[in-house]
Visitor: 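Let me give you the structure first, and then I'll get to my questions.
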Amino acid sequence: MTAETSSPAPNPGRRKLTLTTQIMLAMTLGIVVGVIFNNIQNEFINTNIVSGLFGMIGTMFVNGLKMLVVPLVFFSLLCGVTGIGDIRVLGRVGGKSFALYMFTTAIGIAAAIGVASVIGPGRGFDMRGVDTGGVEGEAAPSVWEVFAGIVPTNPIQAFASGEMLQIIFYTIIFGIAVLMLGARSRRFVQAAEYMNEVMMKIVAIVMMAAPIGVFALIAKTFTEQGIDLFKPVLAYVLTLTGTLFLHLFVTLMIILKLFSGLNPFIFMRKIRPAQLFAFSTASSNATIPVTLRSVTRRMGVDNSVASFGIPFGATINMDGTAIMQGVATVFLANVYGIDLGLGGYLTVIAMAVLASIGTAGVPGVGLVMLTMVLGQVGLPIEGIALILGVDRLMDMIRTAVNVTGDAVVTSIVAKTEGKMDMAVFNDPDAGADTEDLDIDEDAEEELASLAHTPAWS
Ligand code: ASP
């Protein structure tokens, strides 16, 4: 490739939209198309275009993101551990992240129960005629079981099935062993850093497909989820959305400012791509590559903190999910006319915080975990059928909140550990969406010459 074709020289006639803008436009278009298709209700469109074409594109896109998660987490965390170089600092970063994750989730759900108790969604609701949908209850794992499960019996199996906590645990042990071998690990560490760079490039390549992928996902969801679905449980939807926004825009931003002094407005602008991906995919796990990229390249968080904090948060930190569980519990208690009392609500808080540790960041699992919370306070599990229909949209919003919580805590830890580059944080163009696709020209020439050199020379 010549210098002219590979240089990102701006074309003065046509200003290129940033990827974030393109994704937002795709999302809007997806909503419009989805609402139109939902109203038309045409058999051909629903089968071939929506379930067929949109379904295929959406699945390919989400799979593309998921295929990055395990190798990206492994290499970036490995580089993170070897980059920190001191096991005590590693322990401090881990401890701080864990404490902050639990703290933000507990605050979120406590506020949710408070708001929902005041607004009182579900009072006077008539349960007769509601299809209970055959939802089954989930048994609560004990704290001991949750912690025991962190140690994998077979790391290959953990990697193959994407068990994030086990992967994190194994990678940290692996990184510590690499550190202990000292100078002998130098070349290996260089190779791991190189692989981390390669993974980041693959993230950038997959993200090029984001506008079309996001369009397909959103159009499909809105075609399937008619507006009518919301009417019977409108009070629940509005209370939940309001509480999620309160946590997102007020609570988390106050916590960010108080604990780190970082500017919440800059933070919000820089985390937007990750929020959009989380909203479109409803999966914190699938969003890990984008969140990781947003906090490191756009905000200046050092990889040594981000590579641990983001996948750890995507696995154990679910502020939005806990908030949903709080509002849903109050809603269902009202529907069934059951008074949970202070003890009941405290149980809900404890259960939801615990559940968030064991909840994988994939679509819909928050609702399954809700059965566990309901069972614990003696509410009928069939009540879930009431909110099942609207859960997909609620899942999209709460996942955006979950991912924002991960980035807030990671930024606080990085700032307080002196692992944040403020020049990058304050630079509005840092990590601009297309920059990563540039080809390194020197490296390219070197590679080309290597290719023409016989291996034996
Ligand atoms: N979809 C959520 C997430 O990935 C989990 C849930 O609440 O269902 O973070």
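Keep in mind that the numbers below use all heavy atoms, side chains included, and drop hydrogens, waters and symmetry copies. Nothing fancy with the numbering, it's 1 onward along the sequence. Numbering of ligands and ligand atoms starts at 1, following listing order.
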Visitor: I want to check something: taking the side chain as every heavy atom from C-beta on, are Met394 and Thr241 in contact at a cut-off of under 4.5 Å?
Guide: yes

Visitor: Distance-only check: which donor-acceptor pairs under 3.5 Å involve side-chain atoms of residues 95-109, not counting sequence neighbours?
Guide:
residue, atom, partner, partner atom, Å
Lys96, NZ, Thr416, OG1, 2.9
Lys96, NZ, Glu417, OE2, 3.0
Ser97, OG, Val93, O, 2.7
Tyr101, OH, Gly309, O, 2.7
Tyr101, OH, Asp406, O, 3.4
Tyr101, OH, Thr410, OG1, 3.4
Thr104, OG1, Leu100, O, 3.0
Thr104, OG1, Tyr101, O, 3.0
Thr105, OG1, Tyr101, O, 2.8
Thr105, OG1, Asn317, OD1, 3.0
Thr105, OG1, Asp319, OD1, 2.9

Visitor: Should Arg392 and Pro363 count as side-chain neighbours, where that means a heavy-atom distance under 4.5 Å?
Guide: yes

Visitor: Which atom pairs, one a donor and one an acceptor, fall under 3.5 Å between side chains of residues 60-78 and the rest of the protein, sequence neighbours left out?
Guide:
residue, atom, partner, partner atom, Å
Ser76, OG, Leu72, O, 2.9

Visitor: Using the rule given for salt bridge (charged side-chain N to carboxylate O under 4.0 Å, His left out), can you reason through Asp391 versus Arg398, listing the C-alpha separation, both sets of side-chain angles and the distance that settles it, and then say yes or no?
Guide: CA-CA 10 Å; Asp391 195 62; Arg398 70 178 179 253; 3.0 Å; yes

Visitor: Protein residues near ligand 1, heavy-atom distance below 4.0 Å?
Guide: Ala282, Ser283, Ser284, Met318, Thr321, Gly361, Val362, Pro363, Gly364, Val365, Gly366, Asp395, Arg398, Thr399, Asn402

Visitor: Kindly list each side-chain donor-acceptor pair under 3.5 angstrom involving residues 159-166, sequence neighbours excluded, with atom names and distances?
Guide:
residue, atom, partner, partner atom, Å
Ser161, OG, Gln157, O, 2.8
Gln166, NE2, Gly149, O, 2.8

